[in-house]
Number of protein chains: 2
Amino acid sequence: MRSTGSRTASANKVDLTARLRAAGLRPTRQRIALGKLLFGPHDRHVTAESLHQEAVKVGAHLSLATVYNTLHQFTGAGLLRQVIVDGDKTYFDTNTGDHHHFYYEDEGLLADIPGDHVTIDGLPRPPSGTEIERVEVVVRLKARG
Amino acid sequence: MRSTGSRTASANKVDLTARLRAAGLRPTRQRIALGKLLFGPHDRHVTAESLHQEAVKVGAHLSLATVYNTLHQFTGAGLLRQVIVDGDKTYFDTNTGDHHHFYYEDEGLLADIPGDHVTIDGLPRPPSGTEIERVEVVVRLKARG
DNA sequence: CCAGCACTTTAGAACAATTCTAAGATGTTG
DNA sequence: CAACATCTTAGAATTGTTCTAAAGTGCTGG
């Protein structure tokens, strides 16, 4: 039997509390509620608005400002990653590992590109004085017409 | 001696007028002024704000709203391409060919990745019902520290 | 050559996503 | 459990962008 603790471990309150504390964040009611929604069995892509609505739907009582705060704190703590594919809203991804995305432009939906089979060749080395922080591939999809 | 007309041909008024008309856009004073700034000898990355400031600097008299309108019309006509690398502002690229970008996060600057040596392997085929509209690679750079 | 109409421009209002502010609430520690 | 630092939040503020509607301009047909 495997112990919990993988990157996508499901999130019981104990785990979350520990994780939050490890990140220097007090385990408040709001952060725990959001953590439970985010760090479930599968990876997720949310926006502040979508997560807030979801939280309200399950009876959590918190403001949109708190959702924004929390998403940024989680990101700072390495629990989330920001993904920019649309100028209008910011997505947050619970998968913080190295991976890429499909973006369904019509629906504004994001999906991880499965597997890490993707390789990128022929990239020039970074200009002097700089270093690569990340290489992001976005495959923009549209409905087949 | 080569004739003009390449994708990055420098933009004299005659060329521009023709190009605009071909795109179904009346060659107005404002569009010509912006076209001259954009379609010069080298490719460029601008934002509405940066282009507006530049236009004002060279004495063109036009509003920010017109810059937004024009950038979108040019994009619709295939003269520009939008690049999304930052949630806060939209970049427009005069290079409409297949290519990728460096993004200097610290300075908010974009640069084309030279050459088209870049190849991406291992991408899954697009989910059924969809087709790939574009594959974008963004190499995020930070100052080496 | 110009009347007339469609297409453009524009100032300013409107908007949407996000951040800020500052005051009250809550978790933690001794 | 007192006391203080940390959090949350309502609402205002900001920012980039789009909209509106009224005035301006390019183009055509006669």
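Below, read A as the first sequence line, B as the second, and so on, with proteins coming before strands; counting in each chain starts at 1. Just so it is clear, the model here is predicted, and its values are computed rather than measured.
- Taking the salt bridge (charged side-chain N to carboxylate O under 4.0 Å, His left out) definition, one finds that A/E54 meets it with A/R44, sequence neighbours left out.
- At whole-Å resolution of the value, CD in A/E49 and P in C/dT18 are 8 Å apart.
- With sequence neighbours left out, the salt bridge (charged side-chain N to carboxylate O under 4.0 Å, His left out) criterion links A/R81 to no other residue.
- For B/L109, the side-chain contact (heavy atoms from CB on, under 4.5 Å) test picks out B/Y104, B/E107, with sequence neighbours left out.
- Every residue two or more places apart in sequence or in another chain that forms a salt bridge (charged side-chain N to carboxylate O under 4.0 Å, His left out) with B/E105 is listed here: B/R140.
- The list of ring pair (Phe, Tyr, Trp, His ring centres under 6.0 Å) pairs with a residue in residues 56-79 of chain A, not counting sequence neighbours, reads A/F39-A/F74, A/H72-A/F92.
- In this structure, B/V56 stands alone, with no Ile, Leu, Val, Met, Phe, Trp or Tyr side-chain heavy atom under 4.5 Å from its own, directly or through other members.
- Residues satisfying the side-chain hydrogen bond (donor to acceptor under 3.5 Å, both in side chains) test with A/D93, not counting sequence neighbours, are A/H45, A/H99, A/H101.
- Within residues 82-91 of chain A, the residues having any heavy atom under 4.0 Å from DNA chain C are, by residue number, A/D88, A/K89, A/T90.
- Of the two residues contacting DNA chain D, namely B/H72 and B/P27, the nearest-nucleotide position lying further toward the 5' end is that of B/H72.
- Considering only residues two or more places apart in sequence or on other chains, B/H52 meets the ring pair (Phe, Tyr, Trp, His ring centres under 6.0 Å) condition with none of them.
- Test A/L62, A/V46, A/T70 against A/L51 for side-chain contact (heavy atoms from CB on, under 4.5 Å) and you get one pass: A/V46.
- Scanning DNA chain D 5' to 3' for nucleotides with an atom closer than 4.0 angstrom to a non-hydrogen atom of chain B gives a first and last hit of D/dG16 to D/dC27.
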Protein proximity profile, nucleotides 2-11 of chain C - base contact B, sugar-phosphate-only contact S, no contact -, cut-off 4.0 Å on heavy atoms | ----BBSSBS
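- Residue A/V85 belongs to a hydrophobic cluster whose other members are A/V83, A/Y91, A/Y103, A/L110, A/V138, with links defined by side-chain heavy atoms closer than 4.5 Å.
- Here A/H52 lies out of heavy-atom contact (under 4.0 Å) with every strand.
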